[in-house]
Amino acid sequence: MLILLIALGVNLFLWDMRTASCYGLDSIININANPVFSLLIYPGAKQPHCFYSMDHSDRTMLGDKALQSHVGEKPHIWSSIEGGPRIDIGKQIFCNRSLNMRNIVAIGFDMDYTLAQYKPETFESLAYEGTVRKLVYDLGYPQELLEWTFDWKYMVRGLVLDKKRGNILKVDPFISAVMDRHKYVKVAYHGFRELSKEDKVGTYGNTFIRDSFDEPDYALIDTLFSLAEAYLFAQLVDLRDNNPGKVPEGADYPRMYKDVRAAVDLCHRDGTLKQVVAKDPKRYINEDTSIVPMLKMLRNSGRLTFLVTNSLWDYTNIVMNFLCASHKLEGGITCKFDWLQYFDVYSCSAKPGFFLEDNRANIFEVEPESGMLLNTDNGTPMPQVGSTSPKMLPKGLNKRYRVFQGGSVGHLHKLLSIESSTQVLYVGDHIYGDILRSKKVLGWRTMLVVPELEREVELLWELRDTRKQLRLLRNERDLVEDRVHHLKWSLKFETLGDDEKQNMISSLGELESRRDQVRLAHQQAQGDYHQKFHKIWGQLMKTGYQNSRFAHQVERFACLYTSQVSNLSLYSPDKCYRPSEDFMPHEFHILPS
């Protein structure tokens, strides 16, 4: 009976899709036919149909109630009695490339903005204020900067800073080398002033030589750590334009960006940020009670786990203790290194250089109690000077949980007895520092954490009717334009009588008026739609109707992506993740019978 019901449901679903296709291209909405968001919405749907995979037996049904269930309701981990396939759309893991977790031997995690999700309203503001102080007191900028305020919601990931011109851009991914460049720049601001279409064309569209929008002339806002510095750069651009005498002598746009980066680096080097966070982690870091159950489930499934972060041991220990503090730990251990029991190896590395296999950096073992660095022989304990035996770990700390600083991926593979890079899944938030290097250089499997994704997919569901209306307007616009072209062709090439010609000219005028109305209505509706996601930059994963550059990077380098790391706890540790089917334009509205 169960099999029959599933088969019947699939047949009804396909019939509904085929019926929809008979009524025009606008009758069905496929949210990003590429692997992004395995979410399908069709006319009359009361809930989105979300899939773990392409298997119909593995389907997740989500209604409005389910979409809101995360508010005030704790999600159940997969291994619990209450756990199961029903997962809120904002908590789902989306798949770009097939990944069978049974083939994964070790799962690694970054810490900052991966395991530890910082609160942007407090942490980014702290970073902004620290950077401003460095600019004023160390780099000679005016005191009035200390009175500036920071809007932490203004900037988003995926933007590009034009350091030479003081512009902030949102661009398409680059597909063709011969297209005019202005077609890639969808949204552009000079400081906080929006550039007109003419300005964009004049600046970025006067040559057929494609601009790569990469370093050294451009800076990519590809991590949440960069949002505050991007906002500050825009403020300095406006200050220089309006009051050039107030910035240090010789400070052009590239110099100001360089100064902002130097100020940010000073904040990190002298511990300005981390000292404040360490005193009150709860103010700056979100609590996530699912992290420990997730780690326990993964380890119980037989996986090795490791932590590779650029944060040093003292700060990492504080943050990880905070994240694990709400859980009763195994064996009644009460020492301040309790969290280490959930990892086989912790390494403070220098990513992305850590991922280079020819990296010859020395690796030291860290004595947790004192933070002292101990010499090792490529990770193997060795006697220290003045001693005849390797130094032992503190009492109460299991010897299998080891803490290192430095080294490279070669050391990590040896410590974990990794035979093939494809046996490793690494989870991080930085598209370049975590995902691109580990995927492209090593061949590790990757999962990108995108905190903004949860709100994005929920809005996609809430605005599904608006999106349908946009498609209707776009189709009407295409239809009217085609009729205008046809009438113009007839007037130019057909032999017509006076009355017929006059009637055709009259019809043409009406159609052109209608075309302009529809075009204006469509542009306004599309602008309003994108502003629902962000008042300036629109959807994170879109620029107009195309995938954004950030979406292109996610699709290219992340095997999996999700809104937070603990979403792994909602799925079987042996799950086989499968991507949705790719569609080309000629296939998009033609479904298999």
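Atoms considered below: every heavy atom in the structure, side chains included; atoms not considered: hydrogens, waters and symmetry mates. Each residue takes its place number in the sequence, starting with 1.
A salt bridge links E481 to R477: at least one charged side-chain nitrogen sits closer than 4.0 Å to a carboxylate oxygen. Using a cut-off of 4.0 Å between Lys/Arg side-chain N and Asp/Glu carboxylate O, R255 and D259 are scored as salt-bridged. One finds a salt bridge joining R165 and D162 here, because a Lys/Arg side-chain nitrogen approaches an Asp/Glu carboxylate oxygen to under 4.0 Å.
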Pair up each side-chain donor or acceptor in residues 222-231 with any protein partner under 3.5 Å, not counting sequence neighbours, and list the distances.
residue: T223; atom: OG1; partner: F225; partner atom: N; Å: 3.4
residue: E229; atom: OE1; partner: R261; partner atom: NH1; Å: 2.7
residue: E229; atom: OE2; partner: R261; partner atom: NH1; Å: 3.2

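With values rounded to the nearest 0.5 angstrom, E456 atom CD is found 9.5 Å from K542 atom NZ. Atom CZ of residue R157 and atom CE of residue M541 lie 8.0 Å apart, to the nearest 0.5 angstrom. Rounding to the nearest 0.5 angstrom, the gap separating the CG atom in D288 from the OG atom in S566 is 3.5 Å. Rounded to the nearest 0.5 angstrom, I168 CD1 and L195 CG are separated by 10.0 Å. Interatomic distance, N310 CG to D112 CG, rounded to the nearest 0.5 Å: 8.0 Å. L448 CG to L560 CG: the interatomic distance, rounded to the nearest 0.5 Å, is 10.0 Å.
With a 4.5 Å cut-off on side-chain heavy atoms, L460 and R467 count as touching. With contacts defined as side-chain heavy-atom distances shorter than 4.5 Å, the pair D110/V565 does not qualify.
Residues Y426 and F109 place their aromatic rings such that the two centres sit no closer than 6.0 Å. Not less than 6.0 angstrom separates the ring centroid of Y284 from the ring centroid of Y118. Centroid-to-centroid, the aromatic rings of F192 and Y154 come within less than 6.0 Å. If you look at W537 and F550, their ring centroids are not closer than 6.0 Å.
Both tests pass for R474 against the ring of Y545: distance under 6.0 Å to the centre and angle within 45° of the axis.
Nearest heavy-atom pair, V132 versus L145, reported as atom, atom and distance to 0.1 Å: CG1-O, 3.4 Å. Considering every non-hydrogen atom in both H190 and G166, the closest pair reads ND1-O, 3.5 Å. When all heavy atoms are compared, the tightest approach of V427 to I107 is CG2-CG2, 4.4 Å. Considering every non-hydrogen atom in both Q92 and N567, the closest pair reads O-ND2, 4.3 Å. R240 and A251 make their closest contact through NE-O, 2.9 Å (heavy atoms, listed as atom of the first residue, atom of the second, distance). Of all the heavy atoms in L323 and N286, the pair that sits closest is CD2-O, 3.9 Å.
Within the 3.5 Å criterion, the main-chain N or O of V449 finds no donor-acceptor partner in the side chain of T562. Side-chain N or O atoms of T446 include none that pairs as donor or acceptor with a backbone N or O of I435 at under 3.5 Å. Between the side chain of D252 and the backbone N or O of K164 there is no donor-acceptor pair closer than 3.5 Å. The backbone N or O of T149 sits less than 3.5 Å from a side-chain atom of Q235, completing a donor-acceptor pair. Remark: side-chain polar atoms of S563 are paired, donor with acceptor, to backbone N or O of G90 under 3.5 angstrom. A donor-acceptor contact shorter than 3.5 Å links the side chain of Q117 to the backbone of Y113. Although no hydrogens or angles enter the test, the distance criterion places a donor-acceptor pair under 3.5 Å between the side chain of K163 and the main chain of P216. Between the side chain of K119 and the backbone N or O of K282, at least one donor-acceptor pair lies under 3.5 Å. In this structure, the side chain of K246 does not engage the main chain of Y141 through any donor-acceptor pair within 3.5 Å. Looking at D482, its side chain never comes within 3.5 Å of a backbone N or O of D478 through a donor-acceptor pair.
The local environment of CZ in R515 is crowded, with over 12 non-hydrogen atoms from other residues, nucleotides or ligands closer than 6.0 Å.
When K488, R519, R483 are each tested for a salt bridge (Lys or Arg N to Asp or Glu O under 4.0 Å) with E512, only one passes: K488.
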Between Y577 and Y571, is the ring-ring contact (aromatic ring centres under 6.0 Å, His included) condition met? List the steps. CA-CA 10 Å; Y577 294 92; Y571 292 81; 5.7 Å; yes
Could you go step by step and tell me if K91 and D88 meet the salt bridge (Lys or Arg N to Asp or Glu O under 4.0 Å) rule? CA-CA 5 Å; K91 305 291 185 184; D88 296 351; over 6 Å; no
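Residues in residues 527-536 take part in these side chain to side chain donor-acceptor pair (under 3.5 Å) pairs, two or more places apart or across chains: Q524-D528.
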